[in-house]
2 protein chains.
Amino acid sequence: MNTLAEENYLKSIYHLSISADNVSTNQIAAALNTKASSVTDMLKKLAEKALINYTRYQGVNLTPSGEKIAINIIRKHRLWEYFLVEKLNFKWDQVHDMAEEMEHISSAELIDRLDEFMGHPRHDPHGDPIPDSEGRFKTAELKPVSALMVNQCGIISGVRDHTSPFLQYLEKQQLTIGKKITITDIIEYDHSVALKTDTEKEVHISREVANNLLIAL
Amino acid sequence: MNTLAEENYLKSIYHLSISADNVSTNQIAAALNTKASSVTDMLKKLAEKALINYTRYQGVNLTPSGEKIAINIIRKHRLWEYFLVEKLNFKWDQVHDMAEEMEHISSAELIDRLDEFMGHPRHDPHGDPIPDSEGRFKTAELKPVSALMVNQCGIISGVRDHTSPFLQYLEKQQLTIGKKITITDIIEYDHSVALKTDTEKEVHISREVANNLLIAL
DNA sequence: TGCAAAATTTAGATTAGTCTAAATTTTTTA
DNA sequence: TAAAAAATTTAGACTAATCTAAATTTTGCA
Ligand SMILES: [Mn+2]
Ligand SMILES: [Mn+2]
Ligand SMILES: [Mn+2]
Ligand SMILES: [Mn+2]
């Protein structure tokens with residue numbers, strides 16, 4: 001099949017493709033913590049295998065078969081994250097690196113049985129959708145808290161920043177996936193936001209946090 | 001830490017050390033399906049890292065730190081096999097290759113929680129002991145069925161051959177781990193063995209099968 | 001629109017792991 | 001106990017994935 005490195009590149013290209021239809025060499029290098037020259041080498045290899053469309057100096061995008069592989073890796077990543085949190089009681093900020101390794105376990109049968117064992121979860125611990133075995137999934141329309149008005153409410157359904165410090169901060173504030181919140185105030189001066197959870201807890205978050213916390217209305 | 005290849009070599013050396021205290025280059029090559037020259041290269045590398053004792057032309061054995069790593073890989077392998085059979089309902093003949101990949105997942109915390117999740121199983125689906133997180137385990141004294149006399153009985157507790165065809169055959173004959181059997185006859189001519197299970201089922205097995213099926217008395 | 005800066009690719013190395021073929025050492029055996 | 005055979009190591013190559021430094025192409029802005 002594909003090597004671990006190839007799989008990581010395809011996944012990165014997939015994620016970067018969300019916000020632009022052509023992905024640049026430097027973007028990939030930054031995402032994977034490698035050098036642009038290494039990326040160029042790999043792009044040639046992936047293009048050779050018809051997993052990406054690549055024109056020198058013009059960036060890349062995934063072919064249908066490349067996208068299929070990428071989505072499968074993401075499915076495995078998110079199912080393992082769910083397993084680690086729901087079955088092994090890890091916190092949502094602890095599971096990313098482990099899933100980064102586990103997503104490369106190759107057996108399709110294994111992942112389908114894992115999916116079934118857990119009752120076909122629809123979302124991973126960070127609120128991201130888990131593709132089904134055919135690669136199908138739908139992305140909910142989420143807005144950052146910073147886009148809400150005073151008195152609007154919604155359900156915390158995702159995060160834009162997946163780093164540990166951010167996730168730990170949210171957990172401490174009890175701002176976790178599934179919680180209902182209502183905006184109580186927006187401070188003009190620094191765009192910080194005051195809100196309350198359904199347990200009437202009052203929380204005040206910075207503009208940056210509000211930008212990275214996603215809501216379904 | 002160690003690369004996947006290094007881990008596989010250490011594990012192989014460990015297994016081969018059971019029946020001889022020095023393991024030869026060719027034995028390792030056969031076990032890992034590589035060439036002797038590749039093995040020599042790796043032995044130099046492992047000796048350099050002080051994981052094995054290696055003298056040119058004289059074979060190798062594990063140092064204490066090499067053994068510790070090997071046992072940890074085996075612990076992970078067997079725990080994942082147990083998981084696959086007990087939680088994901090795989091058959092005992094289907095899990096080896098998957099565990100071969102999963103044993104390289106690095107997190108110690110993960111494997112300890114997996115162990116706990118499953119209730120600290122003592123044996124894998126093939127009857128092999130699962131080392132605890134300190135690497136401790138005890139090997140039961142097992143005998144092949146071929147070493148029993150007529151009318152002796154015992155509990156099926158392990159297999160010497162881990163290949164699918166053998167495991168499938170045993171399963172079909174209902175000769176699985178935990179079953180109690182009694183020898184009813186031993187045929188002089190071909191050393192085949194007749195036995196009955198606790199459900200009174202009569203089974204006749206060849207000398208070869210009797211040699212590879214292990215019993216605790 | 002034309003140059004400087006930024007982005008990207010190429011050239012040339014390096015490391016890990018593997019291989020084949022040849023050389024060397026050990027073991028067997030006549 | 002000296003060949004012959006078997007086992008092992010060395011020599012030299014190859015692939016995958018990286019890197020640094022230099023060359024090339026694109027882009028942006030004066
Ligand atoms: Mn990964
Ligand atoms: Mn996630
Ligand atoms: Mn393995
Ligand atoms: Mn086993």
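Here is the naming used below: chain letters follow the sequence lines, and residue numbers restart at 1 for every chain. Since we're looking at a predicted model, the values are computed, not measured. Keep in mind that the numbers below use all heavy atoms, side chains included, and drop hydrogens, waters and symmetry copies.
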B:Asp132 and B:Lys138: CA distance, side-chain angles, deciding distance, salt bridge (charged side-chain N to carboxylate O under 4.0 Å, His left out) verdict
CA-CA 10 Å; B:Asp132 71 14; B:Lys138 48 174 177 299; over 6 Å; no
Among D:dT26, C:dT20, D:dA16, which nucleotide has an atom closest to any side-chain atom of B:Ser37?
C:dT20
Looking only at side-chain atoms of A:Thr40, point me to the closest of D:dT8, C:dT9, D:dA16.
C:dT9
How close or far is atom P of C:dA11 from atom CZ of A:Arg56, stated in whole angstroms?
10 Å
Using 30° and 60° as the class limits, which term best fits the ring planes of A:His162 and A:His126: parallel, tilted or perpendicular?
tilted
For A:Thr25, report the nucleic acid contact type (base, sugar-phosphate, nothing); a contact means any heavy atom under 4.0 Å.
sugar-phosphate
Can you tell me if the side-chain N/O atoms of B:Tyr9 get under 4.0 Å from OP1 or OP2 in C:dT18?
yes
I need the CG-C1' distance between A:Leu43 and C:dA7, as an integer number of Å.
13 Å
Can a cation-pi geometry be assigned to B:Lys87 and B:Phe117, taking NZ or CZ under 6.0 Å from the six-membered ring centre and within 45° of the ring axis?
yes
Any side-chain heavy atom of B:Glu6 sitting closer than 4.5 Å to one from B:Leu46?
yes
Check whether any side-chain N or O of B:Asn26 sits under 4.0 Å from OP1 or OP2 of D:dT8, and answer yes or no.
yes
Residue closer to the 5' end of DNA chain D, A:Thr34 versus A:Tyr57 (nearest nucleotide):
A:Thr34
I need the CG-C1' distance between A:Asn2 and D:dA16, as an integer number of Å.
13 Å
Whole angstrom value for the distance that separates C1' of C:dT9 from CD of A:Gln27
17 Å
Interatomic distance, A:Lys35 NZ vs C:dT14 C1' [rounded to whole Å]
16 Å
Please determine if B:Lys44 and B:Glu48 form a salt bridge, counting it only when a charged side-chain N lies under 4.0 Å from a carboxylate O.
no
Is any side-chain nitrogen or oxygen of A:Ser38 closer than 4.0 Å to OP1 or OP2 of D:dT18?
no
Mind checking if A:Ala36 touches a base, just sugar-phosphate, or nothing, with heavy atoms under 4.0 Å?
base
Rounded to whole Å, how long is the line connecting atom CD1 of A:Ile28 with atom P of C:dT8?
9 Å
Can you check the A:Asp41 CG to D:dT15 C1' distance for me, whole Å?
13 Å
Find the distance B:Lys44:NZ to C:dT18:P and express it as a whole number of Å.
15 Å
